[in-house]
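Before any comments, here is the structure.
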Amino acid sequence: MAMVSLTINGKKITVPDDLTILEAANRHGIAIPNLCKHPQLTPFGGCRLCVVEIKGVPRPVASCTTPVNEGMEITTVTEQLEQHRKFVLELILSDHPNDCMTCESTGSCQLQELAYTYGVKGQEYAGERRTYAKKDGNPFIERDLEKCILCGRCVKVCQEIQGVEAIDFGYRGFKSKITTAYEDDLNCEFCGQCVHVCPTGALTGKLWKRKGRYEGVKETDTVCPYCGTGCNITVHSKNNEIIRITSRPWTWNEGFLCVKGRFGYPFVSSPDRLTKPLIKRKSGEFEETTWTAALEYTASWFRKIREEHGPDALGGLSSARCTNEENYLFQKFMRAGIGTNNVDHCARL
Amino acid sequence: MASETLIRVCMGPAGIAAGGKQVIEAFHAALVDAGVSAQVRERCSSHQVGCMGLCARDVLVEVHQGDVKTVYQYIKPDMVQRIVDEHLVAGKPITEWLVDEVYASFYRKQIKVVLADCGRIDPEDIDAYEAVKGYEAARECLTNRRPEEVIEEVKMSGLRGRGGAGFPTGLKWELGRKSRGDDKYIICNADEGDPGAFMDRAVIEGSPHAVIEGMIIGAFSMGARNGYVYIRAEYPLAVERLKKALDQARTRGYLGKGIFGSAFDFDIKIKLGAGAFVCGEETALIASIEGMRGMPRPKPPFPVNRGLWQKPTVINNVETFANIPAIIRNGCGWYAGFGTDKSKGTKVFALTGKIKNPGLIEVPMGITLREIIEEIGGGIESGRPFKAVQTGGPSGGCIPASMLDIAVDYESLAKVGSIVGSGGMIVLDADDCMVNVAKYFVQFTQSESCGKCVPCRVGTKRVLETLERITTGKGKEDDIERLEKLAGGIKAMSLCGLGQTAPNPVLSTLKYFRDEYEAHIRDKKCPAKVCKGLLTYSIDEATCKACGACLRACPSGAVSGEKKKPHRIDAAKCVRCGACFEVCKFGSVNRE
């Protein structure tokens with residue numbers, strides 16, 4: 001890979017030639033404001049906040065889409081550029097509910113943070129705001145399109161990462177919106193990648209609503225228990241109850257999860273959840289017991305069957321949802337413990 | 001009796017609208033009826049021709065007898081019989097139906113390069129095109145010249161992109177040639193969408209083979225084996241003729257494998273646009289061909305490096321391609337002989353609005369606006385004072401009467417805040433409100449914005465809201481400043497050409513007609529009496545004859561009055577529709 005040298009804000013840097021200006025700047029610790037660019041998605045170039053000046057180029061260019069070139073002299077902050085950014089933020093906020101007080105995303109909203117940084121209130125170009133009466137009836141993802149800034153991240157993640165293409169841009173002009181086919185309720189995998197990449201409160205989890213934002217919220221990094229993939233998750237809890245699950249972008253799963261990992265947590269505090277083992281007695285009723293008693297009961301039956309009919313009378317079927325280590329232990333148990341090779345796995349069709 | 005008789009009937013869009021088809025049918029019937037002389041019938045042929053230019057005089061009919069050409073105007077089917085009887089049979093042209101001096105002055109200052117064959121040849125007949133040296137240029141290039149030589153010729157001709165931006169065509173082809181890649185594409189942009197512009201449509205309808213030939217030469221120069229014509233579906237006749245032309249060219253071997261016996265393979269597909277203005281922007285056009293929503297993407301990378309399917313792609317406008325065969329045939333020096341220092345050749349304009357001779361014109365670059373409007377256009381139709389001319393469509397600006405003597409070329413128009421654009425030219429008179437004109441264009445760009453970038457999507461909406469406020473009498477003192485700030489921001493920050501140029505109609509009217517904005521805002525008056533919300537109607541009691549016409553016409557019951565007593569208008573009930581003003585025969589209704 002060829003390297004190119006350029007200067008950003010007077011700082012001379014050398015970077016691979018396939019980077020964009022924004023990527024090159026970020027690599028060298030120079031932050032450029034942006035809303036529509038997501039590190040894991042192809043650039044969009046729509047929010048216009050990442051504009052920079054290049055010496056010899058008459059108009060500001062979007063740094064997220066412009067490739068680096070040898071000898072470029074780039075300036076990321078000038079009075080003019082900051083004015084342009086304020087202008088764009090004013091326009092975005094002029095068409096935004098600005099209800100941060102009650103918004104689910106307050107504190108984790110990139111738009112809010114930029115408005116705060118630039119001191120923009122969205123009053124200067126006040127005008128008509130998009131309003132939508134229809135609510136999406138799906139069970140997982142709250143789509144508040146009035147808060148949508150049309151950065152296109154959700155469309156891109158659905159297409160580029162998940163490969164589902166459940167949503168896209170619809171209509172034109174001020175009426176442009178992100179929509180499903182025929183404007184039906186969202187009916188996808190509900191992986192929630194779109195929620196993960198949304199920079200505002202337009203996409204949030206329905207389960208999260210009014211459960212807590214940051215005050216008194218504890219974040220615990222752990223591993224998703226659902227399957228052997230082992231995605232890293234962050235469990236947000238408040239008053240000893242899980243209120244939300246997210247994933248950090250620098251984990252190996254890059255912040256992406258599936259519907260179970262992201263939204264399948266209510267079982268943890270469900271009253272239906274079994275917390276103690278049960279044994280079904282002859283009466284047909286389940287009876288609560290201890291782990292020791294339950295394991296001994298099961299072991300006694302295994303032993304009985306093996307003695308009477310030989311070890312091959314027993315077989316074990318394991319699950320793809322278990323971890324490698326669990327599956328290893330399981331086959332070891334069947335082979336060394338029971339003494340049979342009758343062990344299989346649900347993924348081996 | 002003349003040796004060879006040819007009757008040509010204008011079948012351009014305007015000709016068809018005026019009844020050209022019926023006129024042709026009438027000729028067929030009349031020629032049979034006149035059957036008196038079977039000879040006449042045999043010698044005459046009716047050709048459906050593309051645009052002949054002076055649409056206002058449609059249906060235009062030309063009768064060629066040997067070298068003698070007679071042109072009739074305003075022909076209706078029931079007039080055909082007389083032409084056949086008196087002119088064709090008896091040999092006496094009907095003088096009162098002939099075109100007049102206006103027709104002559106319409107053509108005097110025009111130079112036809114692109115439109116040379118439009119209206120002269122049958123666009124559906126490849127033989128007709130070949131009879132006027134069609135495909136000679138392509139044959140010459142493919143069999144006798146190297147691509148670099150062709151590019152050099154186009155570069156030396158000084159031809160610049162006729163889609164509006166004016167990028168040098170030869171340079172674009174050279175970049176396309178140098179761009180690395182096995183598969184390259186050449187695209188003809190026929191997504192003409194400016195309100196009031198119909199140049200590309202006329203060229204494709206009138207001479208589709210010229211466009212195809214231009215594309216073959218372009219493809220050969222850059223090394224493209226595949227071509228697309230991206231044409232709007234709203235042009236069914238153009239699409240049909242283009243399809244026919246492509247089929248004919250394929251049958252002759254001018255498209256396909258080993259064209260003209262050379263080693264060069266090239267073919268062209270048609271892609272229909274689905275009616276989005278923004279798809280005229282090249283990156284949006286590419287997205288549309290790829291099957292995606294037509295949304296522009298930032299450049300660089302430019303299409304010439306990464307275009308259709310990520311391959312090097314050259315995109316030229318219809319008119320640009322149509323210029324190419326003539327440039328190759330006649331040489332770059334001939335073409336560069338027209339025009340100015342930096343803007344060479346001729347340009348087609350769609351002259352519309354309050355003009356006597358609306359229609360399609362082709363003029364050398366550098367001609368003055370005055371020559372176009374007064375000499376070719378015949379001046380203002382209404383006789384009211386000329387006010388401004390809007391060039392370049394929604395991306396252009398309004399040029400005031402005081403600047404009529406500027407030259408029409410890329411640099412001069414840009415200097416005064418407008419553009420050549422694709423060639424729309426709308427003439428405005430004293431009855432046009434400039435704020436309203438600006439509002440019209442912003443309405444257009446706002447509703448055609450793809451929604452991708454914030455300045456265009458939200459910014460133009462705020463501009464439109466401000467203009468709506470001003471034109472309904474709710475304008476505020478700081479609205480002009482607000483417009484200027486918005487316009488500046490949108491221009492600087494928008495992603496593509498649509499947004500970057502969307503404020504031009506506002507900025508240019510603010511520059512030259514600021515007093516009109518101020519009248520709307522401060523005095524709550526529309527000087528041109530166009531903006532309904534600012535008009536008040538009253539009845540002049542001294543001249544009112546109490547005829548009751550206004551009373552009957554008023555839809556909101558605002559007019560009251562008894563017989564023989566002057567009527568009155570109740571301003572609170574008046575909806576300002578102007579019905580009373582229109583019906584009053586005595587001029588007693590005042591509109592202010």
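Note on naming: letters A, B, ... go to the chains in the order of the sequence lines (proteins, then strands), and numbering restarts at 1 for each one.
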Engaged part of Leu486(B) at the chain A interface, taking heavy atoms whose separation is under 4.5 Å: both
What I want to find out is whether Lys299(B) reaches Glu282(B) closely enough, with some N-O distance under 4.0 Å, to be called a salt bridge. yes
Are Lys452(B) and Phe44(A) in a cation-pi contact, defined as NZ or CZ under 6.0 Å from the six-membered ring centre and within 45° of the axis? yes
Contacting moiety of Arg297(B), where chain A heavy atoms sit under 4.5 Å: neither
Yes or no on side chain to side chain contact (heavy atoms under 4.5 Å, CB included) for Arg85(A) and Val88(A), after CA distance, side-chain angles and deciding distance? CA-CA 5 Å; Arg85(A) 289 178 183 136; Val88(A) 169; 5.9 Å; no
The interface call for Glu465(B) against chain A, heavy-atom contacts under 4.5 Å, is side chain
Measure distances from Glu124(A) to the heavy atoms of chain B and classify the residue's part below 4.5 Å as side chain, backbone, both or neither. both
Which portion of Ser494(B) sits near chain A, non-hydrogen atoms under 4.5 angstrom: backbone
What part of Gln83(A) lies closer than 4.5 angstrom to a heavy atom of chain B: side chain, backbone, both or neither? neither
Quick check on Lys491(B) against chain A: is it the side chain, the backbone, both or neither that has a heavy atom closer than 4.5 Å? backbone
Name the region of Phe87(A), side chain, backbone, both or neither, that has any atom closer than 4.5 Å to a heavy atom of chain B. side chain
Heavy-atom pairs under 4.5 Å with chain A, option from Arg457(B), Arg462(B), Lys485(B) with the top count: Arg462(B)
Under 4.0 Å between a Lys/Arg side-chain N and an Asp/Glu carboxylate O for Arg59(A) and Glu53(A)? no
Here's one to test your reading of the geometry: is the NZ or CZ of Arg514(B) within 45 degrees of the ring axis of Tyr517(B) and under 6.0 Å from its centre? no
Sort out for me which of Gly488(B), Pro296(B), Ser447(B) touches chain A most, counting heavy-atom pairs under 4.5 Å. Ser447(B)
Report the C-alpha distance between Thr501(B) and Ile419(B) in whole Å, list the side-chain angles of each, state the deciding distance to 0.1 Å, and finish with yes or no for side chain to side chain contact (heavy atoms under 4.5 Å, CB included). CA-CA 10 Å; Thr501(B) 58; Ile419(B) 57 167; 5.5 Å; no
Relative to chain B, which of Pro60(A), Gly152(A), Ser94(A) shows the most heavy atom pairs under 4.5 Å? Ser94(A)
Most heavy-atom pairs under 4.5 angstrom with chain B, which of Pro43(A), Cys47(A), Ala126(A)? Ala126(A)
Please determine whether a side-chain nitrogen of the Lys or Arg among Asp95(A) and Lys461(B) lies less than 4.0 Å from a carboxylate oxygen of the Asp or Glu. no
Going through the distances and angles, do Glu468(B) and Lys439(B) end up as a salt bridge (charged side-chain N to carboxylate O under 4.0 Å, His left out)? CA-CA 7 Å; Glu468(B) 273 167 353; Lys439(B) 187 177 80 176; 5.7 Å; no
